[in-house]
Amino acid sequence: MFSNRHFDPVAGSRLYNEYLEHYRLAEEVGFDGIMLNEHHNAPFCMQAKCNVFASILAAMTKRVKIVLLGNPLPLADNPVRLAEELAMIDMVSRGRWSPASCAGRAGAARHRGEPAFNRERFEEAHELIVRAWTQEARFASRAATTSTGW
């Protein structure tokens, strides 16, 4: 894993704010959408949670679509809470957030077990998120019968 001793918080703050300004300018010059992604412990990407930037951009822009290139669902501690966070972004953006773009699987086996287990977590998290957005009645997860831990 990449050590945080290489991170300069002053430079990090400056870069985060510059990136937000770049996204604002992208809307101003006519781009139709902004795509955000996330990487964890990567020296080439400081965006550890794309939902944070998406929520800021939902409030500071008016027209551009906000597209997320994946919330790694196997990493979600609580998929229903993730569904709530994404719904909030959708509400603040007045429907400019793209729900078709929200699900990712996570690249490495170190993310919540071996790939087969990772797939099981992804599928159950996806199911829970869709149910949270579409089912009016209360529901329970399959946690009692699966090994995913929800």
Side-chain angles (χ1 to χ4, degrees), residues 1-133 141 143 146-150:
M1 302 301 280
F2 196 69
S3 172
N4 64 357
R5 71 182 164 90
H6 301 289
F7 184 76
D8 177 352
V10 173
S13 176
R14 178 184 52 78
L15 287 169
Y16 278 130
N17 285 285
E18 279 182 23
Y19 298 151
L20 288 169
E21 180 63 13
H22 292 172
Y23 288 129
R24 190 193 63 73
L25 288 171
E27 177 180 57
E28 188 177 304
V29 300
F31 279 78
D32 293 326
I34 295 169
M35 192 280 300
L36 306 169
N37 67 346
E38 68 181 63
H39 290 279
H40 300 271
N41 195 259
F44 55 84
C45 180
M46 294 186 348
Q47 196 148 228
K49 188 66 176 163
C50 59
N51 298 350
V52 173
F53 255 37
S55 62
I56 295 167
L57 292 169
M60 69 184 278
T61 59
K62 301 292 182 223
R63 183 190 52 77
V64 292
K65 299 283 186 189
I66 299 169
V67 178
L68 305 179
L69 186 56
N71 272 279
L73 298 187
L75 300 182
D77 288 326
N78 184 333
V80 175
R81 181 174 177 175
L82 177 58
E84 292 171 336
E85 292 173 10
L86 295 170
M88 287 177 67
I89 294 168
D90 190 45
M91 296 294 104
V92 171
S93 73
R94 294 180 169 92
R96 292 180 292 121
W97 169 73
S98 174
S101 67
C102 77
R105 188 157 159 231
R110 72 177 181 271
H111 295 305
R112 305 277 183 165
E114 294 302 315
F117 184 63
N118 179 300
R119 168 62 72 184
E120 184 181 352
R121 284 185 66 89
F122 171 86
E123 289 173 356
E124 186 173 4
H126 185 268
E127 176 190 331
L128 288 168
I129 290 168
V130 170
R131 288 174 70 191
W133 288 341
S141 75
T146 66
S147 58
T148 59
W150 290 308

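Values below: every heavy atom of this structure, side chains too, minus hydrogens, waters and symmetry copies.
Within 6.0 Å of CZ on R63 lie more than 12 heavy atoms contributed by other residues, nucleotides or ligands. No more than 12 heavy atoms of other residues, nucleotides or ligands lie within 6.0 Å of CZ in F31, so this atom counts as exposed by the packing criterion.
Contact check on R24 versus E21 returns a salt bridge, with a Lys/Arg side-chain nitrogen under 4.0 Å from an Asp/Glu carboxylate oxygen.
Taking 4.5 Å as the limit, some side-chain heavy atom of E28 sits within range of a side-chain heavy atom of L25. Taking the side chain as every heavy atom from C-beta outward, L57 and V64 never approach each other to under 4.5 Å. Here the side chains of S55 and M88 are not in contact, with every heavy-atom distance at 4.5 Å or above. Between N118 and P74 there is a side-chain heavy-atom pair separated by less than 4.5 Å. Between K65 and D32, the closest side-chain pair of non-hydrogen atoms is not below 4.5 Å.
Contact between W133 and A87 at its shortest, heavy atoms only, is NE1-CB, 4.2 Å. Scanning both residues, V80 and N78, for their nearest heavy atoms gives N-OD1, 3.0 Å. Between I66 and S93, the closest heavy-atom pair is CD1-CB, 4.3 Å.
R96 CZ to I89 CD1: the interatomic distance, rounded to the nearest 0.5 Å, is 11.5 Å. To the nearest 0.5 Å, the span separating NZ on K49 from CG on N71 amounts to 4.5 Å. Distance check, rounded to the nearest 0.5 Å: CD of E123 to CD of E127 gives 9.5 Å. For the atom pair CD (E124) and CG (L73), the distance works out to 11.5 Å, reported to the nearest 0.5 Å. Residue L75 holds its CG atom at 12.0 Å from CZ of F122, rounded to the nearest 0.5 Å. In this structure, the separation between CG on N51 and CH2 on W97 is 8.5 Å, given to the nearest 0.5 Å.
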*Using the side-chain contact (heavy atoms from CB on, under 4.5 Å) rule, take I56 and L20 through it: C-alpha gap first, then chi angles, then the decisive distance, then the call.*
CA-CA 8 Å; I56 295 167; L20 288 169; 3.8 Å; yes
*Criterion side-chain contact (heavy atoms from CB on, under 4.5 Å) on L82 and I129, from CA distance to verdict*: CA-CA 7 Å; L82 177 58; I129 290 168; 3.8 Å; yes
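Y23 pairs by the ring-ring contact (aromatic ring centres under 6.0 Å, His included) definition with nothing, not counting sequence neighbours.
Remark: side-chain polar atoms of Q47 are paired, donor with acceptor, to backbone N or O of N37 under 3.5 angstrom.
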